[in-house]
Chemist: 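Quick one: this structure, given as structure tokens, is what I'll be asking you about.
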Amino acid sequence: MKKETRKAVIAGNWKMNKTPAEATELITAILQANEGADNSGCTVVACVPYVDIDAAVKAAKGTFLKIGAENCHWEKSGAYTGEISADMLVACGVEYVIIGHSERRQYFGETDLTVNRRVKAALEAGLKVILCVGELLEQREQGITSEIISMQVKIDLAGVTAEQMENVIIAYEPVWAIGTGKNATADEADEVCGGIRATLAQLYGPALAEATTIQYGGSMNAKNCAELLGKVNVDGGLIGGAALKAPDFTTIISAAR
Ligand code: PEP
């Protein structure tokens with residue numbers, strides 16, 4: 001399968017930004033900026049804070065824009081104060097969920113084992129998963145990026161079936177590039193995304209590896225998106241800061257189309 005036949009996915013990660021009223025405003029602006037565009041070549045997702053889901057789902061209803069969440073718990077219900085289950089997200093109209101974002105790993109104690117549990121729970125509930133993997137700056141400097149990424153992919157996807165992989169997108173997000181304004185070069189992004197594809201081929205065979213959407217994320221913006229998205233192994237982007245500005249997010253969507 002060639003890059004052209006894989007569906008490009010551009011997803012915004014709003015992080016801890018926007019009230020429900022502001023979410024409605026931003027989604028309205030994104031929809032207006034994309035009016036009349038042909039979206040057949042690109043899936044567009046806005047992953048929003050839990051409290052914005054209702055407003056976001058309403059604002060995006062009947063449009064090309066899909067709504068995602070930024071995390072979910074692995075249990076269906078129970079004594080997990082502050083957590084949200086995958087079934088709850090589905091009940092609210094959410095279609096996508098980010099799992100294993102580096103900020104969750106860095107600040108909230110997420111490990112590959114908990115990421116794996118969350119991935120499986122989200123898939124079982126019928127959500128599409130954007131699974132984030134990425135190396136720390138020290139790991140890149142030590143020359144162990146490919147080993148780290150391959151290990152993350154293997155642990156995070158343990159027990160995920162080939163059939164379930166149809167609903168998995170992998171986002172390569174070098175931790176040193178997130179929110180820093182320092183993006184990986186297009187060649188660096190392509191090399192690691194190609195390595196992820198090779199790991200998927202080991203786990204699931206070459207056909208599935210070729211069919212899987214692999215995004216790059218880390219300071220992607222309106223200026224660098226065309227070069228990054230032009231690479232053969234980069235099928236889309238997970239975008240933080242630039243997803244909060246309708247014109248910049250629209251430029252990135254247009255580059256992916
Ligand atoms: C992210 O939050 O996943 C991200 C890539 O952020 P930024 O684009 O701001 O680096």
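Indexing begins at 1, ligand by ligand and atom by atom, following the structure's order. Side-chain atoms are counted along with the backbone in the values below, which use heavy atoms only and exclude waters and symmetry mates. What you see is a predicted model; the values in this text were computed from it and never measured.
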Chemist: Using a 4.0 Å cut-off to any heavy atom of S219, which atoms of ligand 1 qualify?
Modeler: 7 (P), 8 (O), 10 (O)
Chemist: Can you find a non-hydrogen atom of A177 under 4.0 Å from ligand 1?
Modeler: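 Yes.
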Chemist: Taking a cutoff of less than 4.0 Å between a non-hydrogen atom of the residue and any ligand atom, is G218 in contact with ligand 1?
Modeler: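 Per 4.0 Å heavy-atom rule, G218 contacts ligand 1.
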Chemist: Give me the residue, atom name and distance of the protein heavy atom closest to atom 9 (O) of ligand 1.
Modeler: G241 N, 2.9 Å
Chemist: Run down the list P174, G179, G240, C47 and name the one with the heavy atom closest to atom 10 (O) of ligand 1.
Modeler: G179
Chemist: Check the pair R257, N34 against side-chain hydrogen bond (donor to acceptor under 3.5 Å, both in side chains), reporting the backbone distance first and the verdict last.
Modeler: CA-CA 12 Å; R257 279 193 202 110; N34 283 275; 2.9 Å; yes
Chemist: Please tell me whether E188 and Y172 have a donor and an acceptor in their side chains that are separated by less than 3.5 angstrom.
Modeler: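 No, Y172 and E188 have no side-chain donor paired with an acceptor closer than 3.5 Å.
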Chemist: Look at atom NZ of K223 and say whether more than 12 heavy atoms of other residues, nucleotides or ligands are closer to it than 6.0 Å.
Modeler: no
Chemist: Tell me: protein heavy atom nearest atom 1 (C) of ligand 1, and distance?
Modeler: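 Nearest protein contact, heavy atoms only, for atom 1 (C) of ligand 1 is H101 NE2, 3.2 Å.
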Chemist: Would you mind running through ligand 1 and noting each atom that sits below 4.0 Å from a heavy atom of L238?
Modeler: 3 (O), 5 (C)
Chemist: For ligand 1, which is the ligand I care about here, please tell me if G217 has any N or O atom under 3.5 Å from one of the ligand's N or O atoms.
Modeler: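 Not met; the criterion fails.
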Chemist: Would you say I148 ends up clustered with I178 if hydrophobic residues are merged whenever their side chains have heavy atoms under 4.5 Å apart, either directly or through other cluster members?
Modeler: no
Chemist: Atom 5 (C) of ligand 1: which protein heavy atom is closest, and how many Å away?
Modeler: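 Protein heavy atom with the smallest distance to atom 5 (C) of ligand 1: E173 OE2, 3.1 Å.
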Chemist: If I apply the N/O under 3.5 Å rule, does N13 come out as touching ligand 1?
Modeler: yes
Chemist: Among H101, R105, R118, which one satisfies side chain to side chain donor-acceptor pair (under 3.5 Å) with E110?
Modeler: R118
Chemist: Decide whether K120 and Q164 meet the rule of one side-chain donor and one side-chain acceptor closer than 3.5 Å.
Modeler: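 Q164 and K120 do not have a side-chain donor-acceptor pair below 3.5 Å.
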Chemist: For A243 and G12, which heavy atoms make the closest approach, and how far apart are they?
Modeler: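 Minimum heavy-atom separation between A243 and G12: CB-CA, 3.5 Å.
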